[in-house]
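Let me begin by presenting the structure, written as structure tokens, before commenting on it.
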Amino acid sequence: MGNIDDWRAEIDAIDEQLVRLLNERARLAIEIGVLKRAIGLPIHDHERERRVIARVCQINRGPLDEAAMIKIFKRIIRESRRTAIQRVAADEAHRETVR
Ligand SMILES: O=C(O)C(=O)C[C@]1(C(=O)O)C=C[C@@H](O)C=C1
């Protein structure tokens with residue numbers, strides 16, 4: 001089972017990077033969300049989300065197919081957006097309590 005263990009170790013290492021990168025991405029989405037709130041823009045931007053997914057499909061070389069990439073990135077964006085909205089709401093609630 002030498003190979004399986006080696007490949008699993010590689011998968012574990014990749015998962016660590018994915019977790020780090022997903023959180024880095026979410027942090028940026030939060031930053032954008034806070035900024036949008038400050039300038040009065042809605043956090044949800046359908047057009048930008050459409051472009052992110054189109055770009056991901058364009059750079060994808062497989063073996064994951066386009067349908068898989070769309071599913072994965074729709075969920076990544078949804079969770080980034082949800083986290084940004086949560087943060088903005090928490091900031092606002094905090095501002096209310098200190099006012
Ligand atoms: O690019 C933005 O405007 C973001 O807020 C980031 C992001 C994303 O996760 O890619 C999240 C929410 C928006 O609906 C669009 C895109």
Side-chain angles (χ1 to χ4, degrees):
M1 301 296 270
N3 267 348
I4 288 187
D5 287 344
D6 289 349
W7 289 330
R8 283 182 176 166
E10 275 189 56
I11 284 181
D12 288 348
I14 288 170
D15 288 347
E16 279 167 32
Q17 293 186 56
L18 285 173
V19 168
R20 185 177 53 72
L21 289 171
L22 287 169
N23 280 313
E24 223 173 273
R25 190 188 191 288
R27 268 192 287 277
L28 291 169
I30 291 169
E31 294 286 340
I32 294 173
V34 168
L35 209 70
K36 280 178 177 170
R37 187 65 191 189
I39 59 178
L41 284 176
I43 290 177
H44 198 157
D45 182 339
H46 288 282
E47 179 51 27
R48 171 61 184 162
E49 292 188 8
R50 198 193 56 72
R51 275 185 284 125
V52 170
I53 287 172
R55 191 176 162 278
V56 160
C57 290
Q58 207 183 2
I59 61 178
N60 181 38
R61 293 291 172 266
L64 289 172
D65 64 15
E66 190 168 302
M69 280 299 165
I70 291 172
K71 269 193 228 164
I72 290 166
F73 272 81
K74 274 190 171 172
R75 176 50 69 112
I76 289 173
I77 293 168
R78 197 211 295 181
E79 295 304 330
S80 296
R81 189 204 316 130
R82 191 179 57 77
T83 306
I85 288 170
Q86 251 175 15
R87 168 64 67 86
V88 166
D91 283 356
E92 258 159 37
H94 178 72
R95 227 171 289 132
E96 286 299 316
T97 59
V98 295
R99 196 182 280 171

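The structure presented is a predicted model; accordingly, all values stated were derived computationally and were not measured. Ligands are counted one by one from 1 in listed order, and the atoms in each one are counted from 1 as well.
- The environment of Arg25 atom CZ is dense: over 12 non-hydrogen atoms of other residues, nucleotides or ligands sit within 6.0 angstrom.
- Residues satisfying the side chain to side chain contact (heavy atoms under 4.5 Å, CB included) test with Ile32, not counting sequence neighbours, are Lys36.
- Ligand 1 is surrounded by Arg25, Ile32, Lys36, Ile43, His44, Asp45, Arg48, Glu49, Ile77, Ser80, Arg81, each with at least one heavy atom closer than 4.0 Å.
- Using a 4.0 Å cut-off between a side-chain N of Lys or Arg and a carboxylate O of Asp or Glu, Glu79 and Arg75 qualify as a salt bridge.
- Between Ile53 and Glu66 there is no side-chain heavy-atom pair separated by less than 4.5 Å.
- Here Arg20 does not pair with Glu16 in a salt bridge; the nearest charged N to carboxylate O distance is not below 4.0 Å.
- How far CD1 of Ile30 is from CZ of Arg37: 15.5 Å, rounded to the nearest 0.5 Å.
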